[in-house]
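Structure first, then comments.
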Amino acid sequence: MIWSYSSGDAPCPAKDRLDIPQILMRLPLFVELSTDQIADLAEGTREKRLTKGEMLFHKGDTPRGFYLIVFGQIKLAFPSTQGNEKVVEIVGPKQSFGEAVMFMDRPYPVFAESLADTLLLHIGKTIVFDMLARDVSFARRMLAGLSLRLHSLVNDVASYSQRSSAERVIGYLLEHAAQAGGGAGEIAVALPTSKQVIASRLNLTPETLSRIFHDLAEAGLITVHGKQITIHDQRRLREFDL
């Protein structure tokens, strides 16, 4: 089935081919580009569709561009010889990844796997470098995107080193509550992926994550039903000290 992109993050059936320029125009990284710039970029852009659990690339593969997610989720993680993995990031709709290694011309240090049916756009390295060479505004936009990614990673490192396990879990729940548009009261948060992946993302063991969820539930702050977490009082949760 062919899909087209609508104003939401989910696909919708359509008879027409994917309108890549329209998608690019709506993504934060390219929202300030001109129509001509978007048209040039679209020439070097190809769609990539993955089913849940499908591998996009392996650690050590050579990058030939970078990716933007239209809908779905991608897990970026370090593999382990012991069979475990360390999740570095969970990337969702309208986010990009792979820019840094493309510029450094180095192999991917992580692998990328889809956590759901996913539609990506692959922006080719050749068109990116051509536009950077001739278009200063495009270069500034790319730098801004990379800076945001670096800022996010620095915040993650600070979170891991300065916050307790419980504080990380509470912060994660409150972040998703904010994304869901909740105020200070009760709100239901749908976890975007499995608890095992979330635990790795927060630098926790699955057992520690389950224990913290249990303790928060015992305190009457949350109710857990599978992947749905109901936060009963966001202010109390923010102030809670395990």
Side-chain angles (χ1 to χ4, degrees), residues 8-10 28 52-53 69 71-80 82-97 110-116 118 144-242:
D9 292 331
K52 181 179 179 179
I69 298 182
F71 63 80
Q73 283 185 324
I74 293 291
K75 173 180 68 180
L76 304 178
F78 292 109
S80 169
Q82 287 77 33
N84 299 320
E85 61 184 34
K86 174 63 185 78
V87 178
V88 177
E89 193 169 8
I90 300 171
V91 194
K94 301 183 182 179
Q95 291 182 295
S96 61
F97 60 97
V110 296
F111 69 83
E113 180 185 354
S114 60
L115 295 174
T118 300
L146 288 171
S147 297
L148 286 172
R149 175 63 55 81
L150 177 61
H151 181 69
S152 175
L153 292 175
V154 169
N155 283 343
D156 283 348
V157 172
S159 174
Y160 295 154
S161 60
Q162 298 173 9
R163 301 170 75 184
S164 68
S165 299
E167 287 172 336
R168 277 177 253 162
V169 174
I170 291 172
Y172 181 85
L173 291 176
L174 291 172
E175 177 185 347
H176 281 269
Q179 291 173 2
E186 181 170 294
I187 188 172
V189 174
L191 298 180
T193 185
S194 70
K195 292 174 184 176
Q196 182 174 358
V197 171
I198 292 170
S200 181
R201 178 70 183 87
L202 297 176
N203 206 27
L204 304 172
T205 64
E207 293 77 17
T208 298
L209 179 63
S210 294
R211 175 183 59 78
I212 294 171
F213 277 162
H214 174 77
D215 291 344
L216 292 174
E218 284 287 302
L221 294 169
I222 66 172
T223 299
V224 182
H225 290 292
K227 288 186 178 181
Q228 180 158 308
I229 311 292
T230 300
I231 301 173
H232 299 298
D233 189 319
Q234 294 180 63
R235 181 186 57 80
R236 284 186 58 217
L237 180 62
R238 187 174 290 107
E239 297 172 353
F240 189 69
D241 184 17
L242 282 175

Got a second to check how far [X]'s [atom1] is from [Y]'s [atom2], nearest 0.5 Å?
X      : Y      : atom1 : atom2 : value
Ile187 : His176 : CD1   : NE2   : 12.0 Å
Gln95  : Gln73  : CD    : CD    : 9.5 Å
Gln234 : Ile222 : CD    : CD1   : 12.5 Å
Thr208 : Phe213 : OG1   : CZ    : 12.0 Å
Phe240 : Asp215 : CZ    : CG    : 7.5 Å
Ile170 : Leu221 : CD1   : CG    : 7.5 Å

Show the numbers, then the answer: is there a side-chain contact (heavy atoms from CB on, under 4.5 Å) between Leu76 and Phe111? CA-CA 6 Å; Leu76 304 178; Phe111 69 83; over 6 Å; no
Shortest non-hydrogen separation from [X] to [Y] and the atoms involved:
X      : Y      : result
Val110 : Phe78  : CG1-CE2, 3.6 Å
Val91  : Ile69  : O-CD1, 3.2 Å
Leu173 : Val189 : O-CG2, 4.2 Å
Arg236 : Asp233 : N-OD1, 3.1 Å
Glu89  : Arg201 : CA-NE, 3.6 Å

Are the side chains of [X] and [Y] in touch, meaning some heavy atoms are under 4.5 Å apart?
X      : Y      : value
Leu174 : Leu237 : yes
Phe71  : Thr118 : no
Pro192 : Lys227 : no

Yes or no on side-chain contact (heavy atoms from CB on, under 4.5 Å) for Leu115 and Ile74, after CA distance, side-chain angles and deciding distance? CA-CA 6 Å; Leu115 295 174; Ile74 293 291; over 6 Å; no
Could you tell me whether the side chain of [X] and the main chain of [Y] form a donor-acceptor pair under 3.5 Å?
X      : Y      : answer
Ser210 : Pro206 : yes
Ser200 : Val87  : yes
Glu167 : Ser164 : yes
Gln228 : His225 : no

Just jot down the side chain to side chain donor-acceptor pair (under 3.5 Å) partners of [X], sequence neighbours excluded, or say none.
X      : result
Thr230 : none
Glu113 : Lys75
Ser194 : none

Would you call Glu239-Arg235 a salt bridge at under 4.0 Å N-O?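 A salt bridge is present here (some side-chain N lies under 4.0 Å from a carboxylate O).
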Among Leu209, Leu204, Ile212, which one satisfies side chain to side chain contact (heavy atoms under 4.5 Å, CB included) with Arg168?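 Single pass found, and it is Leu204.
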